[in-house]
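To start, the structure itself, in structure tokens.
The first residue in the sequence is number 1, and the count goes up from there. Computed from heavy atoms alone, side chains included, the values below leave out hydrogens, waters and symmetry copies.
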Amino acid sequence: IGAEVAQPDRSPPVLESSTVISNLSAERDIFLIVVDGHAHPDVLESEVIDSGSSTRANLEGIGFAVPDSAWAAYSSTHLSIPSLLEMDYPYVPLDGQVPLRQSSTYETISGSNAVVRSLKASGFRYTMVESGWSGSTCGRDVDRCVRSSVYDEFLGVVLERSALGPWLKQRLGSGFSFNAMRALTWFESNVGEIGRNGQPDFVFAHLVLPHPPYVLDSDCQVRYDVRYDYSTTPPMGDDSGAREAYAEQIECLGSRLVDVAASAGPDAVIVVVSDHGSDFGSQVDRDPRHWSDSDIDERFRTLIAVRSPP
């Protein structure tokens with residue numbers, strides 16, 4: 001499916017790692033925010049929930065372009081984000097090829113990629129905001145690292161199985177949602193200063209939202225009334241309230257992204273892109289050869305929104 005089909009004659013990356021992008025203005029900071037599991041607004045409306053139009057309207061209302069057609073290169077985070085950052089296909093399953101090490105894709109996300117090398121060669125300072133997921137942590141190519149909380153994916157999974165689990169989730173949410181809200185708050189507090197520092201900055205963040213577990217309501221307040229956790233997917237035909245909770249978490253994320261854009265000022269370039277879509281057809285548990293057209297649309301058609309000043 002998509003880029004996961006062998007493509008032996010594919011062209012080289014758009015940019016070589018040493019490319020200097022000469023037409024970038026030193027006055028333009030670039031913010032790349034990768035959200036996780038946000039299906040395309042059209043798919044949300046037709047296949048998943050009736051919430052796509054508000055997402056599009058909120059972003060377009062503050063100057064973002066939201067294209068009608070946007071597809072992820074892969075259906076999983078550990079390949080989709082490296083594909084974006086390398087501007088290439090990190091894995092094409094050819095006959096006799098050694099399976100790709102997951103650690104190598106994590107290195108790409110951590111900063112060893114073509115986008116970072118090209119922008120740094122053009123004079124940009126690189127800041128990475130960690131997500132709380134083990135696959136997106138700061139690497140050696142990062143100039144400035146915004147660390148995630150100690151309450152991350154690993155600690156959250158461990159503690160939720162303890163007596164403290166319900167108490168923590170009711171107060172902090174999941175490790176994913178807690179660090180996503182923390183990252184968005186950092187953006188709101190720092191993007192203004194970044195815009196005034198006289199230094200071109202590239203800031204990358206991976207927010208593990210609206211990815212499950214769905215623990216935030218539309219006002220970004222922690223909730224604990226949905227039976228949907230890290231490792232469980234609702235059985236086919238039994239969403240257990242997850243679609244509605246997914247919609248609320250999308251509304252929360254959208255409102256916070258609007259706040260970030262307002263804090264960034266009019267001259268910043270802001271790109272919001274999702275790594276893949278949602279999974280209400282239980283796609284990740286099924287052989288892709290048996291996916292329907294709607295399954296493919298839901299998982300591969302994604303949100304992309306770009307605000308680029310003239």
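A disulfide bond (SG atoms under 2.5 Å apart) check over residues 136-210, counting only residues at least two apart or in different chains, returns the pairs Cys138-Cys145. Each salt bridge (charged side-chain N to carboxylate O under 4.0 Å, His left out) pair with one or both residues in residues 73-84, not counting sequence neighbours, would appear here, but there are none. Within the structure, no pair that satisfies the disulfide bond (SG atoms under 2.5 Å apart) test touches residues 280-310, not counting sequence neighbours. Pairs engaging residues 202-219 under the salt bridge (charged side-chain N to carboxylate O under 4.0 Å, His left out) rule: none recorded [sequence neighbours left out]. Screening residues 246-295 for disulfide bond (SG atoms under 2.5 Å apart) gives Cys220-Cys252 as the qualifying pairs, with residues at least two apart or on separate chains.
In the displayed structure, Arg140 atom CZ is contacted under 6.0 Å by at most 12 heavy atoms of other residues, nucleotides or ligands.
Salt-bridge annotation for Arg286 and Asp279: absent, with no side-chain N of the basic residue lying under 4.0 Å from a carboxylate O of the acidic one.
With a 4.5 Å cut-off on side-chain heavy atoms, Trp186 and Thr127 count as touching. Between Val272 and Leu303 the shortest side-chain heavy-atom distance falls below 4.5 Å. You'll find the side chain of Ile81 stays beyond 4.5 Å of the side chain of Thr105, heavy atoms only. Residues Leu216 and Val222 are in side-chain contact: their nearest non-hydrogen atoms beyond the backbone lie under 4.5 Å apart. A 4.5 Å side-chain heavy-atom check between Ile109 and Thr137 finds every atom pair outside the cut-off.
One finds the OG atom of Ser122 at 6.0 Å from the CG atom of Leu119 (value rounded to the nearest 0.5 Å). Note: Leu209 CG to His38 NE2 = 10.0 Å, rounded to the nearest 0.5 Å. Summarising the geometry, atom CG belonging to Asp143 is positioned 11.5 Å from atom CZ belonging to Phe202; distances are rounded to the nearest 0.5 Å. Atom NE2 of His211 sits about 9.5 Å away from atom OG of Ser174, to the nearest 0.5 Å. Here His78 contributes atom NE2 and Ser136 contributes atom OG; the two are 13.5 Å apart, rounded to the nearest 0.5 Å. Annotation: the span from Leu59 atom CG to Ile304 atom CD1 amounts to 12.5 Å, rounded to 0.5 Å.
A pairwise comparison of heavy atoms in Ala180 and Val208 identifies CB-N, 4.5 Å as the closest pair. What you find for Ser83 and Asp88 is that their closest heavy atoms are OG-O, 2.9 Å. Minimum heavy-atom separation, Ala268 to Pro309: O-CD, 3.5 Å. Between Pro210 and Tyr246, the shortest heavy-atom distance links the atoms CG-CE1, 3.6 Å. A pairwise comparison of heavy atoms in Ser131 and Asn179 identifies O-CB, 3.2 Å as the closest pair. The two residues Gly111 and Tyr126 make their nearest non-hydrogen contact at CA-CE2, 4.1 Å.
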Quiz item: Could you walk me through whether Leu184 and Leu207 pass the side-chain contact (heavy atoms from CB on, under 4.5 Å) check?
Solution: CA-CA 9 Å; Leu184 288 163; Leu207 310 179; 3.7 Å; yes
Exercise. Go through Asp267 and Arg28 one step at a time and tell me if the side-chain contact (heavy atoms from CB on, under 4.5 Å) criterion holds.
Key: CA-CA 6 Å; Asp267 293 326; Arg28 295 282 191 260; 3.6 Å; yes
Exercise. For Asp297 and Trp71, run side-chain contact (heavy atoms from CB on, under 4.5 Å): C-alpha distance rounded to whole Å, both residues' side-chain angles, the deciding distance at 0.1 Å, then the answer.
Key: CA-CA 9 Å; Asp297 280 356; Trp71 294 79; 3.2 Å; yes
Self-check item: Stepwise side-chain contact (heavy atoms from CB on, under 4.5 Å) test for Leu84 and Leu32
Solution: CA-CA 11 Å; Leu84 171 69; Leu32 174 59; 4.2 Å; yes
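With hydrogens and angles ignored, the 3.5 Å screen pairs a side-chain donor or acceptor of His40 with a backbone N or O of Asp68. Side chain of Ser148 to backbone of Glu130: no donor-acceptor contact under 3.5 angstrom is found. Distance alone, capped at 3.5 Å, places no donor-acceptor pair between the Glu153 side chain and the Phe176 backbone. In this structure, the side chain of Tyr214 does not engage the main chain of Ala247 through any donor-acceptor pair within 3.5 Å.
In this structure, the side-chain hydrogen bond (donor to acceptor under 3.5 Å, both in side chains) partners of Glu188, at least two apart in sequence or on a different chain, are Arg256. Listed by chain and residue number, nothing satisfies the side-chain hydrogen bond (donor to acceptor under 3.5 Å, both in side chains) test with Asp141 (two or more places apart in sequence, or in another chain). Residues satisfying the salt bridge (Lys or Arg N to Asp or Glu O under 4.0 Å) criterion with Arg144, sequence neighbours excluded, are absent altogether. With sequence neighbours excluded, the residues satisfying ring pair (Phe, Tyr, Trp, His ring centres under 6.0 Å) with His206 are Trp133. In this structure Asp293 satisfies the side chain to side chain contact (heavy atoms under 4.5 Å, CB included) test with no other residue, sequence neighbours excluded. In this structure Phe64 satisfies the ring pair (Phe, Tyr, Trp, His ring centres under 6.0 Å) test with no other residue, sequence neighbours excluded. Applying the side chain to side chain contact (heavy atoms under 4.5 Å, CB included) criterion to Asn197, with sequence neighbours excluded, gives Arg125, Glu193, Ile194, Gln199, Asp201.
When each of His290, Arg299, Glu298 is paired with Gln283, the side-chain hydrogen bond (donor to acceptor under 3.5 Å, both in side chains) condition holds for Glu298 and for no other. Test Leu85, Val129, Val142 against Phe204 for side chain to side chain contact (heavy atoms under 4.5 Å, CB included) and you get one pass: Leu85.
If you chain together hydrophobic residues whose side chains sit under 4.5 Å apart, Phe31 and Ile62 fall into the same group.
In this model, a donor atom of one side chain and an acceptor atom of the other lie less than 3.5 Å apart for Asp295 and Ser292. A donor-acceptor contact under 3.5 angstrom links the side chains of His276 and Thr77, judged on distance only.
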